A.B. asks: 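Attaching a single structure in structure tokens format; questions to follow.
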Protein chains: 2
Amino acid sequence: MTLHEVPTLLHRCGDCPIRHRAVCARCDSEELTTLEQIKYYRSYQAGQTVIWSGDKMDFVASVVTGIATLTQTLEDGRRQMVGLLLPSDFVGRPGRQTVAYDVTATTDLLMCCFRRKPFEDMMQKTPHVGQRLLEMTLDELDAAREWMLLLGRKTAREKIASLLAIIARRDASLKLRDAKGPLTFDLPLTREEMADYLGLTLETVSRQVSALKRDGVIALEGKRHVIVNDFARLLEEAGDDSDGGLPV
Amino acid sequence: MTLHEVPTLLHRCGDCPIRHRAVCARCDSEELTTLEQIKYYRSYQAGQTVIWSGDKMDFVASVVTGIATLTQTLEDGRRQMVGLLLPSDFVGRPGRQTVAYDVTATTDLLMCCFRRKPFEDMMQKTPHVGQRLLEMTLDELDAAREWMLLLGRKTAREKIASLLAIIARRDASLKLRDAKGPLTFDLPLTREEMADYLGLTLETVSRQVSALKRDGVIALEGKRHVIVNDFARLLEEAGDDSDGGLPV
DNA sequence: TTCCCCGCTTGATCTGAATCAAAGCAATAA
DNA sequence: TTATTGCTTTGATTCAGATCAAGCGGGGAA
């Protein structure tokens, strides 16, 4: 079992070199053991819905492999993605039973789950898990607010550049970057999903991706594989050079 | 000192009739007492900035009276409000030292503050304060996500109606509504601030407010006082009949 | 009283992104 | 091999909201 196969997320690794969003094999503590005892796995096929908005969610979970999205929908079908779950990300709401958005697997998905009750009991007993969860939630909130700026005020081109920058950064942080070849990654989303995330239409997404390619900001290999030669340039196109690469 | 003058927010009132977002005079517990000991007050004038994005924030606080906004800004000056703080709302990030947005007083503002360190110590000792804070943060995250749907997918008219509905609801919950006259409230924001919240221009806000008035959805008394005769109609105009009235 | 200022409204015009419509392309099935 | 299907690109046109530009109205200062 490799490092990234058990991303419980909830354990902060004191002095070990692995970033604390993934569990580190070298440091296992009491609450990690407790978590091990109550965890179980669930897998979903690409396109399958994990939970519907309003449903009872009786577990919390983190993504092991695959990608899931959180979306909200208006009656007439207009859709807005409100979150993207990559491996090692957490979903769930200790202290809340229902979710306010649909969770959907966009690729085949494996999640590591904990039933809510024992998880909450464990939180009671080991307070720093709760603290960690609070920090994670605050990070998500920051990310959501950054996204509000994007949705409310950025142009289509800036939106695309921002999304590419975020995916690039998150992907790089999972991949333990190999020195300094050009930064490359696969888009985990279709054009339509990108549109739903950015508050655009798929046609506009396609046009702006083409424009960024034409202008040499990115290169493409096939439709999905992106090559970024100059990350600083991409950030500039994104409209804010803030480090914005917060989780979610 | 009336009920709403000490909105520490962090205390959940077991069986008392007051909603738990404001502190209840009837139930005081140990941690409430601890909070009393470390709290202090700060006041700000309308227009004054409480903290700048990136600054160190060495306290957490809740709003006693007045209104504050959270905003993010792009280099070229485009602004997006990402939160609105009304009396009893909480700001601050236990476990984090810097904030990612500007906090500005839009009216004269009185805040009840707790220095971060003793507050965090207190959180350690009384875990349910941490839990409560996690719940509040999760609620804020839900609200932020609902706002993402608004920013990404709603029309200008729907945005205005949504904002009015949210303000109406929050205002009503602070005012202990007097039976069933028509629902009325004062807009706490200028047209420009509304625009910054909704990702619009002030001209568009003005036009759409006029349109809602023309169509009989709302009535105005002066520029700021709003009368809603048919709240259901307003919600319908807002585009989703979800109960959407989550905090923030 | 007058003036000025600020927040607001309204009108005319422009434009970025949406919409409508066709094709292209690559992978899988037949 | 050809057809089918799902995703993507590109073009033509439209339209909601932005931008540019006046003008209004109420409150405070002189």
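Order of the sequence lines sets the chain letters (A, B, ...), proteins ahead of strands, with each chain counted from 1. Only a predicted model underlies this, so the values are computations on that prediction, with no experimental measurement involved.
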A.B. asks: Taking it one step at a time, do A:L164 and A:V228 satisfy side-chain contact (heavy atoms from CB on, under 4.5 Å)?
C.D. replies: CA-CA 9 Å; A:L164 294 177; A:V228 180; 5.9 Å; no
A.B. asks: Report the residue (B:L220 or A:L200) whose heavy-atom-nearest nucleotide on DNA chain C is the more 5′ of the two.
C.D. replies: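 Between the two, 5'-proximity favours B:L220.
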A.B. asks: Please report the closest heavy-atom contact between A:A195 and A:T201, naming both atoms and the distance.
C.D. replies: CB-C, 3.5 Å
A.B. asks: Count the heavy atoms belonging to other residues, nucleotides or ligands that lie under 6.0 Å from CZ of A:R79, then report whether that count exceeds 12.
C.D. replies: no
A.B. asks: Any side-chain heavy-atom pair from B:T155 and B:E158 closer than 4.5 angstrom?
C.D. replies: yes
A.B. asks: Within the 4.0 Å heavy-atom criterion, would you say B:T201 contacts the bases, only the backbone, or no part of the nucleic acid?
C.D. replies: base
A.B. asks: Please name the residue in the list B:V50, B:T65, B:V64, B:L85 that meets the side chain to side chain contact (heavy atoms under 4.5 Å, CB included) test with B:M111.
C.D. replies: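 The option that passes is B:V50.
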A.B. asks: Looking at every non-hydrogen atom in both residues, tell me the closest pair between A:Y197 and A:Q80 and how far apart they are.
C.D. replies: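 Shortest heavy-atom separation between A:Y197 and A:Q80 comes out as O-NE2, 3.0 Å.
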A.B. asks: So, A:E140 and B:R145, do they make that salt bridge, N to O below 4.0 Å?
C.D. replies: yes
A.B. asks: Using the heavy-atom set of chain B and a strict 4.0 Å cut-off, write down the first and last nucleotide of DNA chain C that makes it in, 5' to 3'.
C.D. replies: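 The contact span of chain B on DNA chain C goes from C:dC8 to C:dA12.
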A.B. asks: Below 4.0 Å from chain A heavy atoms, what is the first contacting nucleotide of DNA chain D and what is the last?
C.D. replies: D:dT8 to D:dA12
A.B. asks: On DNA chain C, does the nearest nucleotide to A:E203 precede the nearest nucleotide to B:E203 from the 5' side, or the other way round? Give the residue.
C.D. replies: B:E203
A.B. asks: What pairs with A:E237 under side chain to side chain donor-acceptor pair (under 3.5 Å), at least two apart in sequence or on another chain?
C.D. replies: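 Side chain to side chain donor-acceptor pair (under 3.5 Å) list for A:E237, sorted by chain: A:R157, A:R233.
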A.B. asks: Classify the nucleic acid contact of A:T190 as base, sugar-phosphate or nothing, counting any heavy atom under 4.0 Å across all strands shown.
C.D. replies: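 It contacts sugar-phosphate atoms only.
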A.B. asks: Return whichever of A:R207 or B:R157 has its heavy-atom-nearest nucleotide of DNA chain D closer to the 5' end.
C.D. replies: A:R207
